[in-house]
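So you know, we letter chains A, B, ... as the sequences are listed, proteins then strands, and number each from 1.
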Amino acid sequence: GDSVTQMEGPVTLSEEAFLTINCTYTATGYPSLFWYVQYPGEGLQLLLKATKADDKGSNKGFEATYRKETTSFHLEKGSVQVSDSAVYFCALRSAQVTFGIGTKLQVIP
Amino acid sequence: NAGVMQNPRHLVRRRGQEARLRCSPMKGHSHVYWYRQLPEEGLKFMVYLQKENIIDESGMPKERFSAEFPKEGPSILRIQQVVRGDSAAYFCASSPSAGTGGSGELFFGEGSRLTVL
C-alpha cells in the first residue's frame, strides 16, 4: 500500500537558518504530493502541493520539488522565522490520502 | 464561505459513555474523511465517506467505532463505550471530488479533542 516516510523531529533551528525536512514516499501510479502545516491547537492547512514529476510547489518561502526518480518531496526554506514553528506533514494522494508522521519544527529567536 | 466545521471542539467523557463528533464539510464538498491524532503521533486515517456511503473504513477499529454521512446533515463519528485510549484529537476533512487521479487537497476542520476520564 501507499506510505509516506518523513524525518522525525523535533527539529530546532535558530531564526534565519536553512530548513530541510525530508520526505519520501511509496505509491503505485502517479500520486499528487502535499505538505500540510499544523499550528498549535489548530487543524491542518495546505502549505504547498505538486501534481506531477518535476513540479515545484511553493508558498510563504517554502518549496518542495516532486522527484519521481528518488520518490521524494523534501520541504525547504531558506530562512525560517519564529512564526514557522509548527508541525509539518508530508502527504500523498492516490486512491486516498496518506500522511507522514509529522515533523515538529521549533524556531528560536 | 465557511470552512469545515467540527463540533464540539472539546468533549470530556467518562469511561463507558458514548462520544459523538460532528463534521459539516465545506459547501459543495461531498467527500468526508476522518483522522485521529494521538499525542506526539501522526495523523491516522480512519474512514472515508461520501453521502450515504462508506467508501473506505480500513482505518476504523472493528468495535465501538462507527461513522455515517447521511443525505442531510453532518457526518457523525460515534464512539461507544469510550476507554482512556480513545483520548485524542479527531480531525475531519472534506474534498469536492474523489482521490483517484485527482490532485485535490483536503480541507481540514479544527478538530474535536476528546478526553476520556
## Note on the structure
Separation between CD (B:Glu105) and CG (A:Leu48), nearest 0.5 Å, reads 11.0 Å
### Task
Might you confirm whether atom CZ of B:Arg15 has over 12 heavy atoms from other residues, nucleotides or ligands at distances under 6.0 Å?
no
### Query
Quick one: does B:Tyr33's side chain have a donor or acceptor within less than 3.5 Å of a partner on A:Val97's backbone?
no
### Residue part contacting chain B, namely of A:Tyr36, when any heavy atom lies under 4.5 Å
side chain
### Task
Answer yes if B:Met46 and B:Leu114 sit in the same cluster of Ile, Leu, Val, Met, Phe, Trp and Tyr residues linked by side chain heavy atoms under 4.5 Å apart, and no otherwise.
yes
### Query
If two hydrophobic side chains count as joined below 4.5 Å and joins carry through other members, does A:Leu75 share a cluster with A:Val11?
yes
### Message
So for A:Gln38, is it side chain, backbone, both, or neither that comes closer than 4.5 Å to the heavy atoms of chain B?
### Response
side chain
### Message
Can you confirm whether more than 12 heavy atoms, excluding those of B:Gln17, are under 6.0 Å from its CD atom?
### Response
yes
#### Entry: Where A:Arg93 and B:Ser95 come nearest, the two heavy atoms and their spacing
NH2-OG, 3.3 Å
### Task
Counting only heavy atoms closer than 4.5 Å, note whether B:Phe107 contacts chain A via side chain, backbone, both or neither.
neither
### Message
Run A:Phe89 and B:Gln37 through side chain to side chain contact (heavy atoms under 4.5 Å, CB included) and show every step you take.
### Response
CA-CA 12 Å; A:Phe89 291 89; B:Gln37 185 177 37; 3.4 Å; yes
### Query
Should B:Met5 and B:Leu49 be counted in the same cluster of Ile, Leu, Val, Met, Phe, Trp and Tyr side chains packed under 4.5 Å apart?
no
### Message
With a 4.5 Å cut-off on side-chain heavy-atom distances among I, L, V, M, F, W and Y, is there a chain of contacts connecting B:Val116 to B:Tyr90?
### Response
yes
